[in-house]
2 protein chains.
Amino acid sequence: MINNASKAAQEELKRKGYKLTGPRIAIINYLAESQEHPDMQQIFAGIRAEYPGIGMATVYRTLGLLLELDILRAITVNKNQLLYELKKPDDHHHHLVCTGCSQIIEFGSCSFKHISSEIETVTRYSIEDHTLEAYGLCPQCQGDFQVERG
Amino acid sequence: MINNASKAAQEELKRKGYKLTGPRIAIINYLAESQEHPDMQQIFAGIRAEYPGIGMATVYRTLGLLLELDILRAITVNKNQLLYELKKPDDHHHHLVCTGCSQIIEFGSCSFKHISSEIETVTRYSIEDHTLEAYGLCPQCQGDFQVERG
DNA sequence: GTCTAATTGAGAAATATTTTCATTAAAGTT
DNA sequence: AACTTTAATGAAAATATTTCTCAATTAGAC
Ligand SMILES: [Zn+2]
Ligand SMILES: [Zn+2]
Ligand SMILES: [Zn+2]
Ligand SMILES: [Zn+2]
């Protein structure tokens with residue numbers, strides 16, 4: 001139980017009747033510890049460090065399972081690169097992505113909840129979740145842009 | 001010039017010094033006409049209907065170019081399926097995705113602009129764009145869910 | 001029409017993902 | 001703790017996706 005997020009994810013797996021195996025625990029722990037938003041390759045490489053024998057297929061299968069069980073979230077910030085993050089209890093945040101250097105920071109302000117019920121009324125959907133990604137230039141890249149133009 | 005969105009995209013290509021070729025026009029027209037949010041396979045198949053000789057590589061290259069030039073937007077609504085839509089002048093909308101049947105509808109209400117400058121102040125990023133996807137059940141799937149439970 | 005460089009299509013190559021199946025191991029039962 | 005059952009795993013093969021290479025084509029400039 002590395003931390004709370006790992007604990008919650010492991011309990012959820014058990015609760016839904018899945019076995020808590022070594023590979024799964026290693027993957028969950030890696031995700032729970034990760035401060036960035038790793039992609040498939042980073043996850044695979046990172047886990048091999050502490051679980052050398054793990055197979056690629058197991059990582060794919062486990063990420064798929066965690067997504068399906070709504071324990072994991074996938075975000076796309078560039079055209080074809082899926083990034084992952086474990087859903088943490090009581091954490092709601094969104095992403096601000098620099099179009100210059102691809103750095104990602106998170107922000108907590110969320111205005112969607114204010115219009116959510118209005119959208120539910122208009123569309124007749126029942127809304128359960130949402131993701132929001134904002135794009136722009138980080139302070140560093142704004143500076144670089146000035147320099148480029150001379 | 002199928003419609004306004006196609007016209008705008010073609011002009012933008014020219015303006016930035018790219019050649020307006022048959023394949024590119026066919027791809028842009030397909031995207032401009034498309035009411036749904038097609039993925040790569042649909043785009044390729046759809047374009048072959050009116051431009052049979054087009055190669056897969058050209059479609060990949062053109063989508064990449066349009067993304068780079070900010071004429072095209074890619075969204076991810078399911079784990080590993082990228083969907084595309086041409087950016088239309090004066091159109092700002094977001095997506096509401098049914099987790100039951102994957103149907104996507106669009107909504108225009110956007111609350112992000114209200115907090116955008118606040119986030120810019122706090123983070124020192126300059127924000128240029130954003131995407132928002134909401135997830136839930138469409139009216140039909142809410143009904144099916146009731147039926148399933150008996 | 002001629003010229004030039006960008007663009008294209010076909011196929012090869014490189015990557016990424018899924019499937020198959022014999023083996024392993026988690027979790028429940030005695 | 002040994003026994004049993006069945007899900008889960010790893011390795012390799014099979015698929016699928018994306019990029020690259022290069023000779024041939026073609027848009028746009030003159
Ligand atoms: Zn995040
Ligand atoms: Zn939010
Ligand atoms: Zn849309
Ligand atoms: Zn918006």
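The sequence lines fix the lettering, A, B, ..., with proteins before strands; numbering per chain opens at 1.
Rounded to a whole Å, the CD atom of Gln42(A) is 16 Å from the C1' atom of dA16(C). Note: CG (Leu67(A)) to P (dT17(C)) measures 12 Å, nearest angstrom. Rounded to whole Å, the distance from CE on Met40(A) to P on dT17(D) is 17 Å. To the nearest angstrom, P of dT18(D) lies 14 Å from CD of Gln41(A). In this structure, Arg24(B) atom CZ and dA6(C) atom C1' are separated by 8 Å, rounded to whole Å. Residue Gln10(A) contributes atom CD, which lies 10 Å from atom P of dA27(C) at whole-angstrom precision. In this structure, CG of Leu20(B) is placed 11 Å from P of dA29(D), rounded to the nearest angstrom. Distance Phe44(B) CZ to dA16(D) C1': 14 Å, rounded to the nearest Å.
Inspection of the His114(A) and His114(B) side chains reveals no N or O donor paired with an N or O acceptor under 3.5 Å. For Ser6(A) and Gln10(A), the side-chain atoms include at least one donor-acceptor pair closer than 3.5 Å.
The side chain of Ala57(A) approaches dA12(D) more closely than any other nucleotide in the set dA12(D), dC20(D), dA8(D). Distance from the side chain of Arg61(A) is smallest to dT9(D) among dG9(C), dT18(D), dT9(D). When each of dT8(C), dA8(D), dT18(D) is scored by its nearest atom to the side-chain atoms of Met56(B), the top-ranked nucleotide is dT18(D).
Contacts of residues 12-19 of chain A with DNA chain C (heavy atom under 4.0 Å): Lys14(A), Lys19(A). Residues from residues 45-55 of chain A with heavy atoms under 4.0 angstrom of DNA chain D, sorted by number: Tyr51(A), Gly53(A), Ile54(A), Gly55(A).
Phosphate contact (OP1/OP2 of dT9(D), side-chain N/O of Thr21(A), threshold under 4.0 Å): present. In this structure, Tyr60(A) reaches the dT17(C) phosphate: one of its side-chain N or O atoms is under 4.0 Å from OP1 or OP2.
A donor-acceptor pair is defined here as one N or O able to donate and one able to accept, closer than 3.5 Å; such a pair exists between the side chain of Thr121(B) and the backbone of Ser117(B). Gln35(B) places a side-chain N or O within donor-acceptor distance of the main-chain N or O of Glu33(B), the cut-off being under 3.5 Å. A donor-acceptor contact shorter than 3.5 Å links the side chain of Arg24(B) to the backbone of Lys19(B).
A salt bridge between Glu12(B) and Lys16(B) is present, with a side-chain N of the basic residue lying under 4.0 Å from a carboxylate O of the acidic one.
Mapping Gly22(A) and Gly22(B) onto DNA chain D by nearest heavy atom places Gly22(A) at the nucleotide closer to the 5' end.
Between His94(A) and His130(B), the distance from one ring center to the other does not fall under 6.0 angstrom.
For Tyr125(A), the side-chain hydrogen bond (donor to acceptor under 3.5 Å, both in side chains) test picks out Gln103(B), with sequence neighbours left out.
Counting heavy atoms from C-beta outward, Leu82(B) and Met40(B) have side chains that stay 4.5 Å or more apart.
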